Amino acid sequence: TEYGGIRECERMKDIIHGKFSSADEASFYYNKSVHYYNIADFENAAFYINKSKNIYKEINLTKEIDMCNELIGKINENINKKNIALEKYNIAISKLDDRICPEAASSADEAMRIYKEINYSKGIQDTKELIDKINKECGTEIPGILKTIAMVVIGMIFTISVLWWNDKR
């Protein structure tokens with residue numbers, strides 16, 4: 001019986017050590033989830049936050065479970081926003097294909113606003129390229145040949161003005 005108390009202490013020590021190890025593991029997954037959330041990789045963020053939450057549930061750390069639930073809410077909200085932005089992006093492509101330029105530009109601008117809000121760099125880059133394409137194909141950007149023609153016309157007007165002015169003197 002004297003050794004029974006020692007064995008019980010050893011068992012408790014192992015249980016406590018296991019809980020601390022589990023808490024460290026859950027914290028690691030939580031931090032990994034926050035990292036993915038910050039770079040707008042919401043799918044990986046959701047994966048790791050769920051791993052973290054499950055471990056916190058096993059060791060009954062309610063404050064940490066609440067933190068996980070809060071982050072899950074933010075992740076889900078941004079997954080929704082990312083889906084809306086993708087929908088706007090696809091609408092812009094469709095409108096551009098149909099040559100409905102104002103709606104294409106408007107949808108692309110809305111996609112860009114959302115992608116910037118959630119800090120989704122791939123979406124921002126893709127949408128920037130789409131906006132450039134819309135500007136080029138819809139005439140909202142002056143094509144290179146028109147710029148050249150405009151410069152030639154301005155040059156001719158200037159030359160004629162100088163010649164006329166010299167004639168007048």
Side-chain angles (χ1 to χ4, degrees), residues 1-138 140-141:
T1 63
E2 198 175 307
Y3 294 111
I6 292 173
R7 273 193 223 111
E8 186 62 22
C9 284
E10 287 292 322
R11 191 178 73 75
M12 290 302 290
K13 182 185 95 171
D14 290 343
I15 289 171
I16 291 169
H17 178 71
K19 286 191 181 244
F20 277 116
S21 292
S22 293
D24 287 344
E25 181 182 8
S27 177
F28 171 77
Y29 290 137
Y30 180 87
N31 290 331
K32 200 166 189 161
S33 177
V34 168
H35 166 74
Y36 282 118
Y37 174 82
N38 287 333
I39 62 171
D41 183 349
F42 304 118
E43 292 72 21
N44 276 319
F47 175 78
Y48 285 108
I49 197 63
N50 285 320
K51 284 184 82 153
S52 177
K53 181 179 175 182
N54 288 335
I55 295 169
Y56 283 135
K57 278 183 176 178
E58 287 174 13
I59 56 178
N60 200 27
L61 293 176
T62 55
K63 180 180 152 224
E64 286 77 3
I65 293 169
D66 291 343
M67 286 175 24
C68 290
N69 286 333
E70 184 180 328
L71 185 55
I72 288 170
K74 291 177 181 178
I75 291 168
N76 288 336
E77 181 182 332
N78 283 352
I79 286 173
N80 262 349
K81 288 179 180 180
K82 187 176 176 183
N83 289 335
I84 291 168
L86 179 60
E87 184 180 318
K88 296 288 184 182
Y89 178 88
N90 288 333
I91 288 170
I93 291 174
S94 175
K95 296 298 181 183
L96 179 60
D97 289 344
D98 294 341
R99 309 304 296 163
I100 307 172
C101 294
E103 290 180 32
S106 174
S107 293
D109 288 343
E110 183 64 13
M112 179 64 86
R113 184 192 64 73
I114 296 169
Y115 282 139
K116 284 182 175 179
E117 180 183 327
I118 63 173
N119 194 33
Y120 182 50
S121 58
K122 181 175 179 353
I124 292 168
Q125 182 59 40
D126 291 348
T127 305
K128 182 185 178 320
E129 291 171 10
L130 177 60
I131 289 171
D132 290 345
K133 184 177 180 182
I134 290 169
N135 289 339
K136 188 173 188 175
E137 291 185 21
C138 292
T140 51
E141 178 184 90

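For the single chain, residues carry numbers from 1 onward in sequence order. The model shown is predicted, which means the values in this text are computed figures rather than measured ones.
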Would you give the length of the straight line joining atom CD of Glu43 to atom CD1 of Ile79, rounded to the nearest 0.5 angstrom?
5.5 Å
Taking every non-hydrogen atom, the tightest pair across Lys82 and Ala40
NZ-O, 3.8 Å
Glu110/Arg113 salt bridge by N-O under 4.0 Å criterion:
yes
If we only count heavy atoms from C-beta on, is the Leu71 to Tyr30 side-chain gap below 4.5 Å?
yes
Just how far is it from atom OH of Tyr37 to atom CD1 of Ile72, taken to the nearest 0.5 Å?
13.0 Å
Checking Glu77 against Lys74 for the salt bridge (Lys or Arg N to Asp or Glu O under 4.0 Å) test, could you report, in this order, the C-alpha distance in whole Å, the side-chain angles of both residues, the deciding distance, and whether it holds?
CA-CA 5 Å; Glu77 181 182 332; Lys74 291 177 181 178; over 6 Å; no
Evaluate side chain to side chain contact (heavy atoms under 4.5 Å, CB included) for Glu87 paired with Asn83, printing each intermediate quantity in order.
CA-CA 6 Å; Glu87 184 180 318; Asn83 289 335; over 6 Å; no
Distance (rounded to the nearest 0.5 Å) between Ile59 CD1 and Lys19 NZ:
7.0 Å
What are the two closest non-hydrogen atoms of Asn38 and Asn119, and how far apart are they?
O-ND2, 3.2 Å
Any salt bridge between Glu137 and Arg99, counting N to O under 4.0 Å?
yes
Between Ser52 and Ala26, the two heavy atoms sitting closest are OG-O, 2.9 Å
Could you tell me the separation between the CD1 atom of Ile49 and the CG atom of Asn44, rounded to the nearest 0.5 Å?
12.5 Å
Side chains of Tyr115 and Leu86: closer than 4.5 Å at any heavy-atom pair?
yes
Would Glu129 and Lys133 pass as an ion pair if we require N to O under 4.0 Å?
no
Can you tell which of Tyr48, Tyr36, Phe42 makes a side-chain contact (heavy atoms from CB on, under 4.5 Å) with Ile75?
Phe42
CD on Glu117 to CG on Asn78, rounded to 0.5 Å:
7.5 Å
Taking every heavy atom of Ala92 against every heavy atom of Leu130, the minimum-distance pair comes out as CB-CD2, 3.7 Å
Quick one: does Ser94's side chain get under 4.5 Å of Asp98's, heavy atoms only?
yes
Between Lys128 and Ile131, is any pair of side-chain heavy atoms under 4.5 Å apart?
no
How close do Ser22 and Ile55 get, counting heavy atoms only, and between which atoms?
O-CG2, 3.2 Å
Taking the side chain as every heavy atom from C-beta outward, state whether Leu96 and Cys138 have any atom pair closer than 4.5 Å.
yes
Rounding to 0.5 Å, atoms CD1 (Ile65) and OH (Tyr56) come to a distance of 9.5 Å
Under 3.5 Å, side chain of Ser33 to main-chain N/O of Tyr29, donor-acceptor pair present?
no
Donor-acceptor pair, Thr127 side chain versus Gly123 backbone, under 3.5 Å?
yes
Using a strict cut-off of less than 4.0 Å between a Lys/Arg side-chain nitrogen and an Asp/Glu carboxylate oxygen, indicate whether Asp132 and Lys136 qualify as a salt bridge.
no
Do you know the tightest heavy-atom contact between Lys53 and Asn69?
NZ-OD1, 2.6 Å
